[in-house]
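Just below is one structure, and these are the notes that go with it.
All heavy atoms count here, side chains included; hydrogens, waters and symmetry mates do not. Every chain is numbered from 1, with letters handed out A, B, ... down the list of sequences.
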Amino acid sequence: MAILKPEFYERDTVLVARELLGKIFVRKLKGEVLSGRIVEVEAYHQIGDEAAHSCRGRTGRNEVMFRRGGHLYVYFTYGMHFCMNAVTEGEGTGAAVLIRAIEPLKGIETMRRLRGTKIPDRDLTRGPARSCQAFGIAREENGLLLDGNVVGILDADPLPDARIGVSCRVGIKRSRELPWRFFDSESDWVSKGKPSA
DNA sequence: CAGTCGATGTACT
DNA sequence: GTACATCGACTGG
């Protein structure tokens with residue numbers, strides 16, 4: 001399967017979020033390929049979404065979120081964690097899809113090493129900050145293109161609609177009512193985070 | 001199993 | 001100061 005091109009990301013953010021389920025996130029780290037299946041995502045948008053980092057306009061922190069679709073937006077939060085997003089829509093829009101959980105496929109030994117030995121395999125990637133740590137995603141990866149050079153997402157068969165779970169987003173207070181979290185309802189790797197509404 | 005709570009840096013009021 | 005797109009250790013049942 002091929003790496004998803006910018007045209008995939010430059011569409012409606014909620015649509016892109018749904019279609020990212022089942023696709024394969026790949027990350028090259030020191031010559032090794034880490035990969036996994038995306039099983040949980042959330043959409044964020046500057047317009048009508050008070051929870052998005054972009055909701056009050058462009059700043060130094062969220063600058064990448066305003067680039068054209070197909071970039072990787074990584075941010076630091078809670079003093080110790082990173083989360084990663086795929087930027088969507090066109091230049092200047094300020095929208096992205098948060099990758100909340102991934103089912104590990106390749107490079108599990110490396111993920112175990114990056115996450116720490118006492119972590120059960122089940123918790124390697126079950127959550128946005130855990131996924132970043134398992135794939136070695138941090139500040140240096142912010143702003144990279146998802147072109148497969150260092151990071152990228154491989155196309156795969158779409159999930160049937162009946163298999164896609166929908167809920168409100170996790171860990172936010174503003175715009176909590178938006179049903180913009182999507183997950184593979186048959187996956188054991190979806191995070192345990194509780195929707196905020 | 002569920003609930004609570006501290007850690008810890010950055011952005012923003 | 002305060003909030004934060006979280007996690008892991010700890011508690012009690």
Is the shortest side-chain N/O distance from [X] to OP1 or OP2 of [N] below 4.0 Å?
X       : N      : value
R61(A)  : dG9(B) : no
K173(A) : dC4(C) : yes
T77(A)  : dG9(B) : no

Salt bridge between R58(A) and E91(A), side-chain N to carboxylate O under 4.0 Å?
yes
Taking NZ, NE, NH1 and NH2 as the nitrogens, is one of them in E63(A) or R67(A) under 4.0 Å from a carboxylate oxygen of the other?
yes
Would you kindly give the [atom1]-to-[atom2] distance between [X] and [N], to the nearest whole Å?
X       : N       : atom1 : atom2 : result
E50(A)  : dC4(C)  : CD    : C1'   : 15 Å
E42(A)  : dA5(C)  : CD    : P     : 10 Å
N62(A)  : dA11(B) : CG    : C1'   : 10 Å
H45(A)  : dA5(C)  : NE2   : P     : 18 Å
I99(A)  : dT6(C)  : CD1   : C1'   : 17 Å
Q133(A) : dA7(B)  : CD    : P     : 19 Å
R126(A) : dG8(C)  : CZ    : P     : 10 Å
H81(A)  : dT10(B) : NE2   : P     : 14 Å

Given side-chain hydrogen bond (donor to acceptor under 3.5 Å, both in side chains), test R181(A) with S167(A) step by step and report yes or no.
CA-CA 5 Å; R181(A) 169 175 177 252; S167(A) 83; 3.0 Å; yes
From [options], nucleotide with atom closest to [X] side chain:
X      : options                 : value
L98(A) : dT6(C), dA5(C), dC12(B) : dA5(C)
M80(A) : dT8(B), dC7(C), dT13(B) : dT8(B)
M65(A) : dC12(B), dA5(C), dG8(C) : dA5(C)
H53(A) : dA5(C), dT6(C), dG9(B)  : dA5(C)

Geometric class of the F76(A)/F82(A) ring pair [parallel <30°, tilted 30-60°, perpendicular >60°]:
tilted
Nearest-Å distance once atom P is located in both dG6(B) and dT2(C):
15 Å
What is the nucleic acid contact for [X], judged by heavy atoms within less than 4.0 Å: base, sugar-phosphate only, or nothing?
X       : value
R181(A) : nothing
R139(A) : sugar-phosphate
D123(A) : nothing
M84(A)  : nothing
A129(A) : sugar-phosphate

Side chains of V41(A) and F183(A), heavy atoms from C-beta outward: is any pair under 4.5 Å?
no
For I119(A) and for S54(A), locate the closest nucleotide of DNA chain C by heavy-atom distance; then report the residue assigned to the nucleotide nearer the 5' terminus.
S54(A)
Which is more 5' along DNA chain C, the nucleotide nearest R130(A) or the one nearest I172(A)? Just name the residue.
I172(A)
Establish, from distance only, whether the side-chain atoms of S191(A) and R100(A) form a donor-acceptor pair under 3.5 Å.
yes
Looking at the base of dA5(C), is there any donor atom on it, or on the side chain of Y75(A), that sits under 3.5 Å from an acceptor on the other one?
yes
Paired to dA9(C) by Watson-Crick or G-U wobble criteria (both distances under 3.5 Å) is dT4(B)
Please indicate yes or no: is the ring centre of F76(A) less than 5.5 Å from the centre of the six-membered base ring of dG9(B), with the two planes inclined by under 30 degrees?
no
